[in-house]
Amino acid sequence: MKAGTAILEAFYQAAGQFVRADDLGRHLKLSTATVSAEVAELEKIGYVIESHPHLGYRLLGTPDRLTADDIKARLGSKVIGAEILVFEETASTNDVIEHLAKSGGREGLVVFAESQTRGRGRRGRAWVSPWGKGLWFSVLLRPTLPPTAASRITVAASVAVARAIRDSCGVDARIKWPNDVMVNDKKLAGILTELRAEADEIFLAILGIGIDVNCGREDFQDALGGVATSLELETGREHDRVALAASVLAALDEWYRAALTDFETVADEWAKLCTTLGRQIVVMLGQRRIEGFAQALDSDGALLLRRDSGQLERIVGGDVIVERA
Ligand code: BTN
């Protein structure tokens, strides 16, 4: 573990209390001079750290900057997030993951960008990704699933994102089929899963997630004005992006694993958080309009829609345009 990560981890474990410099040094196998140099580095990038000649160091404030050290310090050791890269700006983090996967990137590698110039959503839509206002990131996955069950990954990711937002921000986040995370009927986060697969094998799944954390009204294009929102707009206060990043990655680690081994648990949690199930809905699959009753998820993560004729239709993807009780 890098010294910066280890020192921040010790500060978070101390939860606002002082940590003695010699304890830190012994624990991290660093000289007190190195500890003091590392603390100075953290201060340079915006951490507020109180130093006391006898009591040691105490973390008083953190900057609103995504860094791999800080996210890892709060995350601990997990498969998802074992390696984290943070870019100031990229075209799309999904493309960066694809590139890194080709050069042997491991499952669990996560790429964040402070901003994206060509962030994309489903169906070729643009995803607005203003600098420093959200969490725009992608995860490299190599799931042992047949391509027919790829929908499980998106379902698990939507549970993880909704759960993390609920638990760390105290917001009533809900899921709308297939992959939107909503608050007060407005879209707060979206998920774009892209696959590289052959008939019976997924080589690579790129899980791209965008969460509007501290975006203001001015950040949304006119067309999104009525339908998109951010945590700040919904709660009237700024949210800690690093803390949220760590809780989303921890939740992804848990729910992705469950998606591979025990999908029933994921489907149950999804059903609890989802606004689409148990309603009469209209799904648009391209130009095709399908109306029916959203009944359940099947074991591959597809939505089962009961048509008026009684016929059961299996839906993968699509846009739900109407949800009625
Ligand atoms: C959607 O709701 O349409 C999906 C939006 C996904 C956006 C994220 S932001 C990080 C990653 N990189 C992209 O270009 N898109 C995804």
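Order of listing sets the numbers, starting from 1, for every ligand and every atom in it. The structure presented is a predicted model; accordingly, all values stated were derived computationally and were not measured.
Proximity of a side-chain donor or acceptor of Arg307 to a complementary backbone N or O of Gly292 within less than 3.5 Å is not detected.
Not one N or O of Asn179 is nearer than 3.5 Å to an N or O of ligand 1, by distance alone.
When heavy-atom distances to ligand 1 are checked against a 4.0 Å cut-off, Arg125 has no atom that comes that close, whether in backbone or side chain. Contact annotation for Asp95 and ligand 1: no heavy atom of the residue comes within less than 4.0 Å of the ligand.
Near Gln116, the atoms of ligand 1 lying under 4.0 angstrom from a non-hydrogen atom of the residue are 9 (S), 10 (C), 11 (C), 12 (N), 13 (C), 14 (O). For ligand 1, the atoms sitting less than 4.0 Å from at least one non-hydrogen atom of Ile191 are 2 (O), 4 (C), numbered in the order shown with element in parentheses.
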Please output the side-chain donor-acceptor pairs of residues 151-164 that fall under 3.5 Å, not counting sequence neighbours, one pair per line with the distance.
{"residue": "Ser151", "atom": "OG", "partner": "Gly301", "partner atom": "O", "Å": "2.8"}
{"residue": "Arg152", "atom": "NE", "partner": "Ser299", "partner atom": "O", "Å": "3.0"}
{"residue": "Arg152", "atom": "NH1", "partner": "Ala259", "partner atom": "O", "Å": "2.7"}
{"residue": "Arg152", "atom": "NH2", "partner": "Ser299", "partner atom": "O", "Å": "3.4"}
{"residue": "Thr154", "atom": "OG1", "partner": "Thr193", "partner atom": "OG1", "Å": "2.8"}
{"residue": "Ser158", "atom": "OG", "partner": "Thr154", "partner atom": "O", "Å": "3.2"}
{"residue": "Ser158", "atom": "OG", "partner": "Val155", "partner atom": "O", "Å": "2.9"}
{"residue": "Arg163", "atom": "NH1", "partner": "Glu269", "partner atom": "OE2", "Å": "2.7"}
{"residue": "Arg163", "atom": "NH2", "partner": "Asp167", "partner atom": "OD1", "Å": "3.2"}

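Paired with Asp319 under the rule salt bridge (charged side-chain N to carboxylate O under 4.0 Å, His left out), one option of Arg289, Arg288, Arg125 passes, and it is Arg125.
At the shortest separation from atom 11 (C) of ligand 1 among protein heavy atoms lies Thr93 OG1, 3.3 Å. Of all protein heavy atoms, the one lying nearest to atom 15 (N) of ligand 1 is Arg120 O, 2.7 Å. Protein heavy atom nearest atom 3 (O) of ligand 1, with residue, atom name and distance: Arg122 N, 2.7 Å. Closest to atom 5 (C) of ligand 1 among all protein heavy atoms lies Trp127 CE3, 3.4 Å.
The shell of residues lying under 4.0 angstrom from ligand 1, judged by heavy atoms, excludes Ser129. Within the 4.0 Å heavy-atom shell around ligand 1 one does not find Arg123.
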